[in-house]
Engineer: 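Got a structure for you, written out below as structure tokens; questions coming shortly.
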2 protein chains.
Amino acid sequence: MGLAKTEMFTDQQNEIALIAKAFGHPARVAILQHLFKINTCVCGDLVNEIGLAQPTISQHLKELKLLGLIKGNVEGTSVCYCIDTDNWAKMKNLMSDFLNQDLDLKEGCC
Amino acid sequence: MGLAKTEMFTDQQNEIALIAKAFGHPARVAILQHLFKINTCVCGDLVNEIGLAQPTISQHLKELKLLGLIKGNVEGTSVCYCIDTDNWAKMKNLMSDFLNQDLDLKEGCC
DNA sequence: TTTATATATTGCAATATTACGATTAATATT
DNA sequence: AATATTAATCGTAATATTGCAATATATAAA
């Protein structure tokens, strides 16, 4: 049915899945990497930087913004985007707990 | 069109997206957490543990196996799954590089 | 006020994902 | 061999995602 049965999972599991889904498209990975790389607000270049149409980029930005991973400041006719470092740090805690589960494993079995 | 234009992104970006997509569903998050928790091979319980039908779990397991995150050993009529710790560690390196980009940031701008 | 520029929204087509019933395959048990 | 058990596969319906053309919105500049 294409619909995740979120009610049968914990909040933590659903939240991890939501974040991961945001990272689940190379365009959004590329957008985030570019925002980190230039280390200042990006006003506009993203459409040139990534090779997708303007509405497509706008949609990806919207998703990332909705999750709180990026911020957008209106600056004249353009909008300047940058990483929301506070929320990024919080997100990292959540993901790190999940990714570092292997550290608790004493012995493998197979 | 529902199709990611992978050719316009780097291998690294595409690989991060692929892994993230695997974590982008709470059932797969739950499956992995369970495998870590019990710390041995799971033979069968997964369908009872998670509340989804057997073919659905089987499909999720297939995806995780395809990515190399889990291994499955045939054991009689049942199949025993566990985390592939080597590949998990490799995957963590990839994801850590991505997640820890904020450590390189000197100053925020907004 | 008109025009230019930049971004967001809408609508839609193509493709992907999720879920599960029905079935199949493979091995164990009797 | 016949039957039971377990997991994989197939087929299909429902929903989600991706991408973009067309359009709308909002501000700046002339």
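First the proteins, then the strands, lettered A, B, ... as listed; each starts at 1. This one's a predicted model, so the numbers in the text were calculated from it and none came from an experiment.
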Engineer: Measure from CD on E63(A) to P on dG19(D) and round the result to the nearest Å.
Structural biologist: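 That distance rounds to 10 Å.
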Engineer: Between dA26(C) atom P and N73(B) atom CG, what is the distance in whole Å?
Structural biologist: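 Roughly 18 Å, once rounded to whole Å.
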Engineer: Let's test your reading of the model: under 3.5 Å, does the base of dA8(D) pair with the side chain of Q59(B) as donor and acceptor?
Structural biologist: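 Flag unset: no donor-acceptor pair detected.
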Engineer: In terms of side-chain heavy atoms of A53(A), which of dC20(D), dT7(C), dA7(D) is nearest?
Structural biologist: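 For the A53(A) side chain, the nearest candidate turns out to be dC20(D).
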Engineer: What is the distance, rounded to the nearest whole Å, between atom NE2 of H25(A) and atom P of dT17(C)?
Structural biologist: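 Going from NE2 in H25(A) over to P in dT17(C) covers 11 Å.
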Engineer: With nearest nucleotide decided by heavy atoms, which residue, P55(A) or G24(A), maps closer to the 5′ end of DNA chain D?
Structural biologist: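 Result: G24(A).
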Engineer: What is the distance from CD of Q54(B) to C1' of dA7(D), rounded to the nearest Å?
Structural biologist: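 Distance check: Q54(B) CD to dA7(D) C1' gives 5 Å.
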Engineer: Counting Watson-Crick and G-U wobble pairs only, both distances under 3.5 Å, name the nucleotide matched with dT30(C), or none.
Structural biologist: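 Partner of dT30(C): dA1(D).
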Engineer: What nucleic acid atoms does E75(A) come within less than 4.0 Å of, heavy atoms only: base, sugar-phosphate, or nothing?
Structural biologist: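 E75(A): no heavy atom of the nucleic acid under 4.0 Å.
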Engineer: Answer yes or no: does a side-chain N or O of H60(B) lie under 4.0 Å from OP1 or OP2 of dT17(C)?
Structural biologist: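 No, H60(B) has no side-chain N/O under 4.0 Å of OP1/OP2 on dT17(C).
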Engineer: Does a donor on one side chain and an acceptor on the other come within less than 3.5 Å for Q13(A) and T10(A)?
Structural biologist: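 Judged by distance alone, the side chains do pair up.
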Engineer: Using a heavy-atom cut-off of 4.0 Å across all strands, would you classify L61(B) as base, sugar-phosphate, or nothing?
Structural biologist: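 The answer is nothing, as L61(B) stays clear of every strand by at least 4.0 Å.
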Engineer: Would you say I50(B) and I38(B) are hydrophobically clustered, going by side-chain heavy atoms of ILVMFWY under 4.5 Å?
Structural biologist: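 Yes, I50(B) and I38(B) fall within the same hydrophobic cluster.
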Engineer: Round to a whole Å and report the spacing from NZ of K65(A) to C1' of dT7(C).
Structural biologist: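 After rounding, the gap between these two atoms is 10 Å.
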Engineer: Using whole Å, what does the distance between atom C1' of nucleotide dT5(C) and atom CG of D45(A) come to?
Structural biologist: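 One finds 15 Å between C1' of dT5(C) and CG of D45(A), rounded.
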Engineer: OP1 or OP2 of dA16(C) versus the side-chain N and O atoms of K21(B): is any pair under 4.0 Å?
Structural biologist: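 Checking dA16(C) against K21(B), no side-chain N or O comes under 4.0 Å of OP1 or OP2.
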Engineer: So H60(B) and H25(B), would you call those rings parallel, tilted or perpendicular, with 30° and 60° as cut-offs?
Structural biologist: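 H60(B) vs H25(B) ring planes: tilted.
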Engineer: If you compare every side-chain N and O of K62(A) against the phosphate oxygens of dT7(C) (OP1, OP2), does one of them come in below 4.0 Å?
Structural biologist: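 No.
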Engineer: Verify whether one side chain among Q101(A) and Q33(B) offers a donor that lies under 3.5 Å from an acceptor in the other.
Structural biologist: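 No, Q33(B) and Q101(A) have no side-chain donor paired with an acceptor closer than 3.5 Å.
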Engineer: Please assess I16(A) against D97(A) for the test side-chain contact (heavy atoms from CB on, under 4.5 Å), listing each intermediate value before the final yes or no.
Structural biologist: CA-CA 10 Å; I16(A) 289 170; D97(A) 285 350; over 6 Å; no
Engineer: Establish, with yes or no, whether the OP1 or OP2 oxygen of dA6(C) is under 4.0 angstrom from a side-chain nitrogen or oxygen of Y81(A).
Structural biologist: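 No.
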Engineer: Distance check needed: dA8(D) P versus L64(B) CG, whole Å only.
Structural biologist: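 Nearest whole value for this atom pair: 12 Å.
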Engineer: Compare side-chain N and O positions of T56(A) against OP1 and OP2 of dC20(D) and report whether any pair is under 4.0 Å apart.
Structural biologist: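 So the side chain of T56(A) is within the cut-off, an N or O lying under 4.0 Å from OP1 or OP2 of dC20(D).
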Engineer: Would you indicate which nucleotide in dT7(C), dC20(C), dT5(D) comes nearest to any side-chain atom of T77(B)?
Structural biologist: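 The closest nucleotide is dT5(D).
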Engineer: Do other residues, nucleotides or ligands put more than 12 heavy atoms under 6.0 Å from N48(B) CG?
Structural biologist: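 For N48(B), atom CG is crowded (more than 12 foreign heavy atoms under 6.0 Å).
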Engineer: If you compare every side-chain N and O of S58(A) against the phosphate oxygens of dA8(C) (OP1, OP2), does one of them come in below 4.0 Å?
Structural biologist: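 So the side chain of S58(A) is within the cut-off, an N or O lying under 4.0 Å from OP1 or OP2 of dA8(C).
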Engineer: Measure from CD1 on I31(B) to C1' on dA7(D) and round the result to the nearest Å.
Structural biologist: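 Interatomic distance, CD1 of I31(B) to C1' of dA7(D): 13 Å.
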